[in-house]
*Asks:* 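Have a look at this one before I ask anything.
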Amino acid sequence: MESLDIQKIREEFPILSREVNGKPLVYFDNAATSQTPMRVVDAVLHNYTHTKANVHRGVHTLSQEATDLQEEARRRVRDYINAESIEEVIFTRGTTEGINLVAASFGERFREGDEIILTVMEHHANIVPWQLLQRHKGIKIRVVDINDRGELNLDQYRSLFNDRTVMASFAHVSNVLGTINPVKEMIAYAHAKGVPVLVDGAQGAPHLSIDVRDFDADFYVFSSHKMYGPAGIGVLYGKKKWLEEMPPYQGGGEMIEHVSFNGTTFASLPFKFEAGTPDFIDIAAFVKALDFIKEYDIRNIASHEEALMRYTTEKMLEIPGMRIFGTAPHKCGVISFLVNDIHPYDLGLLLDKTGVAVRTGHHCAQPLMERFGIPGTIRASFAVYNTFEECDIFINNLKRLITFF
Ligand code: PLP
């Protein structure tokens, strides 16, 4: 493992040098969205100023160039996640759209009484699309619980499979607890029961190396904006055998082969699932975010983030009344906590006055909050550009603010 030159990395992120409320910004809301390095911003600017033309439509040079950039991005994503082919890489608006696509399209085959296994730690994006399907199809949702450390109860997971189970869908990493779920083992169990699996990789892809073939995931979804890339785009990986069988999710341009009022035929993969003009500017710029991650190596990034998280956790535990939610030995990215009965919103607001950006609330995981019997938490989350000095600022400000209550 190599140690990273964090100051050099920070120079790529001008926003990190700004002040907030007269104090240097300490950005600890990376699980919500990470900041974007200049190489990505420059690529967006370049694409707007040099190659803007609609993709897959024109014979003219600009359109060819824009198409080449987008399709190069698809190849780069394929390599990044080790998918077998570019046909398995669908560009979406983000994790949420990826899950909605699978629920709506793959879900077409489900019948009343069929069962889907989710977990109590899911983000709303991996709950509500299945609930919409529940209304429409009469499927049942079964939910895996966690232990006090915030790890999934794997015995219960295994016990929920029966001959009506048609799908399992769970997070790679919890956005609240940071727990890294044993996805490979969970997928292997589901496959032994003949059940396909979707993995919500929104919090996995920014911190862990992703190998969809090693996981043997049927679907893996993630968002660019949480991994140093542009906002508004994401990826749905799906095994070709499923994508080929699945009906289109939306209709329109790009996704057709031939349209007539007597019947329409659809484009081949991956375009069948990419109706309308894609966000080709940002898709092309996403390559620069993948370059960024590759340059510093996801293993080095993960090890730096883990060191920050462990250091901060240790210091936080010295604070009387501190409760940390998510203490699994195998965790990454985030620390969710409460102090005594201080409302998370109050503490979050005061931390902001000291320049520290943290997230407060239910983190789009209300069933998990209900499980803990709390309305919300404060969440500090880390990225490669964060420093130990920032952790100290956060801890010192936290200690000082707590004395006000
Ligand atoms: N799933 C998890 C675990 C998340 O943390 C998030 C975002 O916070 C999402 C899904 C939704 O991602 P997006 O809003 O980028 O679609």
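Note that ligands are numbered from 1 as they come in the structure, with each ligand's atoms numbered from 1 the same way. In this text the structure is predicted, and so the values were computed from the model without any measurement. Hydrogens, waters and symmetry mates are skipped; everything else that's a heavy atom, side chains included, is used.
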*Asks:* Can you give me a line-by-line list of nitrogen or oxygen pairs between ligand 1 and the protein shorter than 3.5 Å?
*Replies:*
{"unit_1": "ligand 1", "atom_1": "1 (N)", "unit_2": "Asp200", "atom_2": "OD1", "d": "3.2"}
{"unit_1": "ligand 1", "atom_1": "1 (N)", "unit_2": "Asp200", "atom_2": "OD2", "d": "2.6"}
{"unit_1": "ligand 1", "atom_1": "5 (O)", "unit_2": "Gln203", "atom_2": "NE2", "d": "2.7"}
{"unit_1": "ligand 1", "atom_1": "8 (O)", "unit_2": "His123", "atom_2": "NE2", "d": "3.4"}
{"unit_1": "ligand 1", "atom_1": "8 (O)", "unit_2": "Lys226", "atom_2": "NZ", "d": "2.6"}
{"unit_1": "ligand 1", "atom_1": "15 (O)", "unit_2": "Ser223", "atom_2": "OG", "d": "2.7"}
{"unit_1": "ligand 1", "atom_1": "15 (O)", "unit_2": "His225", "atom_2": "NE2", "d": "2.7"}
{"unit_1": "ligand 1", "atom_1": "16 (O)", "unit_2": "Thr95", "atom_2": "N", "d": "3.4"}
{"unit_1": "ligand 1", "atom_1": "16 (O)", "unit_2": "Thr96", "atom_2": "N", "d": "2.9"}
{"unit_1": "ligand 1", "atom_1": "16 (O)", "unit_2": "Thr96", "atom_2": "OG1", "d": "2.6"}

*Asks:* Is the Tyr296-His304 ring centre distance short of 6.0 angstrom?
*Replies:* no

*Asks:* For Asp341, check salt bridge (Lys or Arg N to Asp or Glu O under 4.0 Å) against everything at least two apart and list the hits.
*Replies:* none

*Asks:* Cut-off 3.5 Å, side chains only: do Glu151 and His330 have a donor facing an acceptor?
*Replies:*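 Side-chain D/A pair, Glu151 to His330: absent.
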
*Asks:* For residues 370-380, run the donor-acceptor check on the side chains, cut-off 3.5 Å, and write out each pair with its distance to 0.1 Å, sequence neighbours left out.
*Replies:*
{"unit_1": "Arg371", "atom_1": "NE", "unit_2": "Asp145", "atom_2": "OD1", "d": "2.7"}
{"unit_1": "Arg371", "atom_1": "NE", "unit_2": "Asp145", "atom_2": "OD2", "d": "3.4"}
{"unit_1": "Arg371", "atom_1": "NH2", "unit_2": "Ile146", "atom_2": "O", "d": "2.8"}
{"unit_1": "Thr377", "atom_1": "OG1", "unit_2": "His363", "atom_2": "NE2", "d": "2.7"}
{"unit_1": "Arg379", "atom_1": "NH1", "unit_2": "Asn175", "atom_2": "O", "d": "2.9"}

*Asks:* Quick one: side chains of residues 343-352, donor-acceptor pairs under 3.5 Å with protein atoms, not counting sequence neighbours, listed by atom name and distance.
*Replies:*
{"unit_1": "His343", "atom_1": "ND1", "unit_2": "Tyr345", "atom_2": "N", "d": "3.1"}
{"unit_1": "Asp352", "atom_1": "OD2", "unit_2": "Asn21", "atom_2": "ND2", "d": "3.2"}

*Asks:* Can you confirm if the aromatic rings of Phe219 and Tyr237 lie within a centre distance of less than 6.0 Å?
*Replies:* no

